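These notes are about the structure you will find just below.
Residue numbers run from 1 in the order of the sequence given. All values below come from the heavy atoms of this structure, side chains included, with hydrogens, waters and symmetry mates left out. Predicted model, so just to flag it, every value in this text is computed and none were measured.
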Amino acid sequence: MFWINIDKSAKTITRHEPHCNFIPKQETKFKGLQRELRDGGWFSIHPYEYDQQFYYSIYPDFKRKQCGSCRKLK
């Protein structure tokens, strides 16, 4: 499984590896864990194309990114 961060204010969907230090331990006031709040949310998903496409289809105009920290650790 990996994590995606949907950030509505930046209009981005960022993919994070399971070991990433940026994955929050608890939700914040405006970003949920496994649910969406005002500014977006963090979701753990399976690495299947279907799961990714589900979120991409909801936000087709959002930029897709890979976490820079995760890329460095590979």
Side-chain angles (χ1 to χ4, degrees):
M1 296 228 288
F2 58 88
W3 287 81
I4 59 169
N5 173 14
I6 297 175
D7 189 331
K8 290 181 178 178
S9 59
K11 291 193 171 196
T12 59
I13 298 176
T14 306
R15 181 180 172 199
H16 296 264
E17 298 296 326
H19 59 274
C20 183
N21 291 329
F22 289 105
I23 300 169
K25 303 288 186 235
Q26 59 187 10
E27 64 184 33
T28 63
K29 185 175 181 180
F30 299 114
K31 255 192 186 177
L33 280 178
Q34 302 294 51
R35 68 184 184 136
E36 201 171 302
L37 297 177
R38 186 190 80 179
D39 291 345
W42 286 84
F43 299 89
S44 66
I45 64 173
H46 292 281
Y48 305 120
E49 186 68 20
Y50 173 80
D51 290 350
Q52 286 186 104
Q53 291 305 322
F54 173 76
Y55 290 99
Y56 295 155
S57 67
I58 294 172
Y59 300 102
D61 57 330
F62 281 29
K63 181 179 177 183
R64 303 173 191 188
K65 302 183 343 180
Q66 172 69 33
C67 170
S69 179
C70 293
R71 279 195 311 239
K72 290 176 186 175
L73 294 175
K74 278 189 172 184

(message) How long is the straight-line distance from SG of Cys70 back to CD1 of Ile23, given to the nearest 0.5 Å?
(response) 6.5 Å
(request) Looking only at non-hydrogen atoms, find the nearest pair between Thr14 and Gln66 and report the distance. (result) CG2-C, 4.1 Å
(request) Mind checking the CD-OG spacing from Gln34 to Ser44? Nearest 0.5 Å is all I need. (result) 3.5 Å
(message) So, taking the atom named CG in Asn21 and the one named NE2 in His19, what distance separates them when rounded to the nearest 0.5 Å?
(response) 8.0 Å
(message) Using a 6.0 Å cut-off, check whether atom NZ of Lys8 has over 12 heavy atoms from anything other than its own residue.
(response) yes
(message) Please determine whether residues Phe22 and Ile4 belong to a single hydrophobic cluster, defined as Ile, Leu, Val, Met, Phe, Trp and Tyr linked transitively by side-chain heavy-atom distances below 4.5 Å.
(response) no
(request) With sequence neighbours excluded, tell me which residues meet ring-ring contact (aromatic ring centres under 6.0 Å, His included) with Tyr59. (result) Phe62
(request) Taking side chain to side chain contact (heavy atoms under 4.5 Å, CB included) as the test, write out the residues that go with Phe30, two or more places apart. (result) Arg38, Asp39
(message) Under a 3.5 Å distance rule, please check whether Glu27 uses its side chain to pair with a backbone N or O of Leu33 as donor and acceptor.
(response) yes
(request) First locate atom OG1 of Thr12, then atom CG of Asp7, and finally report the distance between them rounded to the nearest 0.5 Å. (result) 4.5 Å
(message) Quick check on the hydrophobic clustering: are Phe43 and Leu37 connected, directly or via other members, by side-chain heavy-atom contacts under 4.5 Å?
(response) no
(request) Would you please name every residue forming a salt bridge (Lys or Arg N to Asp or Glu O under 4.0 Å) with Lys63, sequence neighbours left out? (result) none
(request) State the NE2-CZ distance between His16 and Phe2, to the nearest 0.5 angstrom. (result) 11.0 Å
(message) Do Tyr55 and Trp42 land in one hydrophobic cluster if side-chain heavy atoms of ILVMFWY residues count as linked below 4.5 Å?
(response) no
